[in-house]
**Student:** 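Okay, here's the structure, questions in a sec.
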2 protein chains.
Amino acid sequence: MPQRPVLKLVDITALKATCSVCSLHELCLPMGLAMDEVEALDRLTERRRILKKGEKLYSIGSSFGALFAVRYGFFKTQVLQEDGREQVTGFHMMGELMGMDAISSDAHTCDAVALEDSEACEIDFTQLERLSRAVPALQHQFHKLMSREIVRDHGVMLLLGSMRAEERLATFLLNLSQRFAARGYSATDFVLRMTREEIGSYLGLKLETVSRAFSRLQNQGLITVQGREVKISHLSRLRTVISHCTS
Amino acid sequence: MPQRPVLKLVDITALKATCSVCSLHELCLPMGLAMDEVEALDRLTERRRILKKGEKLYSIGSSFGALFAVRYGFFKTQVLQEDGREQVTGFHMMGELMGMDAISSDAHTCDAVALEDSEACEIDFTQLERLSRAVPALQHQFHKLMSREIVRDHGVMLLLGSMRAEERLATFLLNLSQRFAARGYSATDFVLRMTREEIGSYLGLKLETVSRAFSRLQNQGLITVQGREVKISHLSRLRTVISHCTS
DNA sequence: CGTCCGGTTGAAACATGTCAAAGAAGGTGG
DNA sequence: CCACCTTCTTTGACATGTTTCAACCGGACG
């Protein structure tokens with residue numbers, strides 16, 4: 001009898017399905033797989049990469065061979081423009097999948113940088129495709145993941161296109177809150193892993209504007225900030241900030 | 001001997017692969033398929049939907065069953081926010097695939113509206129998944145398409161997050177130009193299918209700002225605009241507008 | 001022929017960006 | 001363990017770009 005993975009059965013994605021295979025990333029599946037399929041899935045996520053803060057998991061232009069699932073730690077992904085401007089396209093925490101942008105051109109289109117000491121598992125893409133041909137549930141789950149990434153990006157586009165600074169920051173904090181909560185951490189108290197500049201880059205704002213937005217939310221009694229420590233005092237009132245806009 | 005599709009062999013996606021099956025959408029494949037696979041692919045794209053200007057191909061919340069490939073015409077997709085704000089997330093022309101955002105939740109997350117009389121073919125998603133399990137090349141092509149959508153969205157995020165009005169509009173026009181050119185139309189002379197307001201919504205600007213940006217580009221001698229007719233006088237100089245920014 | 005819709009343009013209000021200074025936090029090496 | 005240096009953060013004053021409000025123009029359509 002093959003040994004099952006050492007991973008615990010926690011549903012970190014807040015999806016309804018319980019995970020039979022690997023709870024630590026989003027490619028988890030509902031029960032009901034044959035044992036050899038389970039083994040194959042486990043093998044797919046065997047390889048690990050350990051990174052120190054600041055190190056890159058992959059770089060723009062580097063050839064694509066695998067997706068990465070965050071095991072622990074925190075990453076940012078950023079794209080670059082010809083003239084040197086760069087923008088953070090996302091922050092990625094435990095369980096989340098990175099690198100799907102690279103499939104289209106067989107080369108990574110963004111840098112993935114560890115914002116703290118982190119570990120990711122490397123998922124060979126050719127093998128993933130092969131296995132997903134054999135396991136329809138895996139195939140569909142993977143398609144859902146890519147789709148979710150698209151939906152997420154549309155949300156960011158909405159944010160960048162129609163919200164003002166305070167709303168953007170509130171949206172960002174609520175998103176983090178929800179993701180921390182889904183992983184069993186506090187929804188109201190957490191430590192930011194990124195700088196004001198990185199937040200600003202993600203939200204389409206300058207770092208000073210981010211800082212001011214933090215201060216304003218604090219003055220309104222919605223949050224307490226001290227450097228990177230954030231405490232959300234009124235989750236529900238913070239939500240109203242977003243829809244409460246004038247425009 | 002089964003009859004081959006009536007479609008012509010034109011590489012509308014500007015990809016290197018020539019299309020053996022259906023040149024009118026992005027799920028085209030390199031040569032080398034078995035005949036029954038070709039048939040199956042053709043059957044997948046049999047169903048057609050014809051829409052008049054203003055009609056919806058699908059709506060937010062409607063249940064997901066199929067992807068759509070534009071055969072002719074022009075579509076916009078738009079998302080909605082709780083407070084009623086809506087934002088255009090993309091414009092879609094001949095050959096392009098729509099609806100991939102819906103896979104994640106089995107429901108459409110945006111409206112798809114025809115901006116002129118249009119036709120789309122409906123691609124049953126369950127069948128697409130089944131077929132792509134049997135045809136690795138199709139599977140990979142589909143993954144590339146979803147990935148390309150993600151990359152495209154990152155580009156828009158960069159635009160929304162770091163460009164000023166004039167640069168955004170220039171980027172938009174160049175993108176249209178390139179897509180028209182890839183379909184055999186003029187890269188410099190074309191007619192916009194959307195209003196200033198829709199452009200503005202896509203670019204995160206108000207319609208007046210879009211109008212002013214058009215005027216400024218025209219005053220600089222880069223383009224000629226008359227209502228929705230656009231003529232790009234200096235493609236290369238228009239490109240420099242984008243990287244030529246102060247920030 | 002008049003109305004409606006889309007587009008253009010101006011002036012003033014507003015939000016964010018820029019520049020600058022100073023304070024706080026964190027890491028490194030003596 | 002402390003001192004120093006660097007990086008990050010906050011805040012103010014001012015500049016800039018975009019939005020808002022309003023008026024007007026032109027073409028499409030009944």
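Throughout, a chain's letter reflects where its sequence line sits, starting with A, and its residues are numbered from 1.
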**Student:** Only counting residues at least two apart or in another chain, list the ones meeting salt bridge (Lys or Arg N to Asp or Glu O under 4.0 Å) with Arg237(A).
**Tutor:**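 Partners of Arg237(A) by the salt bridge (Lys or Arg N to Asp or Glu O under 4.0 Å) criterion come out as none, since no residue qualifies.
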**Student:** Tell me if the centroids of the rings in Phe91(B) and Tyr202(B) come within less than 6.0 Å of each other.
**Tutor:**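 Yes, they do, as the ring centres are separated by less than 6.0 Å.
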**Student:** Any chance you could list the contact pattern along nucleotides 23-30 of chain D? Use B for base contacts, S for sugar-phosphate-only contacts and - for none, protein heavy atoms under 4.0 Å, 5' to 3'.
**Tutor:** --------
**Student:** Please report the distance, rounded to the nearest Å, between CD in Glu167(B) and P in dG17(C).
**Tutor:**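 Atom-to-atom, Glu167(B) to dG17(C), this comes out as 14 Å.
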**Student:** In whole angstrom, give the distance that lies between atom NZ of Lys53(B) and atom P of dC5(C).
**Tutor:**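 Between P of dC5(C) and NZ of Lys53(B): 13 Å.
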**Student:** Decide if the gap between the ring center of Phe68(B) and the ring center of Tyr58(B) is smaller than 6.0 angstrom.
**Tutor:**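 Between Tyr58(B) and Phe68(B), which both carry aromatic rings, the centre distance is below 6.0 Å.
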**Student:** Please state how far atom CG in Leu115(A) lies from atom C1' in dT7(D), giving the value in whole angstrom units.
**Tutor:**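 Leu115(A) atom CG is separated from dT7(D) atom C1' by 15 Å.
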**Student:** Whole-Å distance between dG27(C) C1' and Lys52(A) NZ?
**Tutor:**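 From Lys52(A) NZ to dG27(C) C1': 15 Å.
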**Student:** Judged by modelled atom types alone, do Thr109(B) and His154(A) share a side-chain donor-acceptor pair under 3.5 Å?
**Tutor:**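 Result is no, nothing qualifies.
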**Student:** Using side-chain contact (heavy atoms from CB on, under 4.5 Å) as the criterion, point out the one residue from Thr171(B), Leu169(B), Val241(B), Leu158(B) that pairs with Met163(B).
**Tutor:**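 The passing option is Thr171(B).
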**Student:** Is any NZ, NE, NH1 or NH2 atom of the basic residue among Lys231(B) and Asp189(B) found under 4.0 Å from an Asp or Glu carboxylate oxygen of the other?
**Tutor:**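 Counted as a salt bridge, because a side-chain N and a carboxylate O are separated by less than 4.0 Å.
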**Student:** Tell me: CG of Leu203(B) to P of dT19(D), nearest whole Å?
**Tutor:**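 Taking atom P of dT19(D) as the reference, CG of Leu203(B) is at 11 Å.
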**Student:** Could you note down all residue pairs passing salt bridge (charged side-chain N to carboxylate O under 4.0 Å, His left out) where residues 99-115 of chain A supplies at least one of them, sequence neighbours left out?
**Tutor:**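 The answer is Lys56(A)-Asp111(A).
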**Student:** Using a 3.5 Å cut-off and no angle test, enumerate the donor-acceptor pairs between side-chain atoms of residues 208-217 of chain B and protein atoms at least two apart in sequence or in another chain.
**Tutor:**
{"residue": "Ser215(B)", "atom": "OG", "partner": "Ser211(B)", "partner atom": "O", "Å": "3.1"}
{"residue": "Arg216(B)", "atom": "NH1", "partner": "Glu166(B)", "partner atom": "OE1", "Å": "2.7"}

**Student:** Between Glu119(A) and Arg49(A), does any NZ, NE, NH1 or NH2 come within less than 4.0 Å of an OD or OE carboxylate oxygen?
**Tutor:**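 Not counted as a salt bridge, because no side-chain N and carboxylate O are separated by less than 4.0 Å.
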**Student:** Would you work out how much the helix from dC1(C)-dG30(D) to dG30(C)-dC1(D) bends between its ends, with each end axis defined by five base pairs, to 10 degrees?
**Tutor:**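 Computed from the C1' atoms at both ends, the axes differ by 40°.
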**Student:** Mark up nucleotides 6-16 of chain C, 5' to 3', with B wherever a protein heavy atom is under 4.0 angstrom from a base atom, S wherever such an atom reaches only the sugar-phosphate, and - elsewhere.
**Tutor:** SSBBBB----S
**Student:** Assess, by modelled atom type and distance only, whether the side chains of His108(A) and Ser59(A) contain a donor and an acceptor separated by less than 3.5 Å.
**Tutor:**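 There is no such pair (donor and acceptor under 3.5 Å, judged by atom type) between the side chains of His108(A) and Ser59(A).
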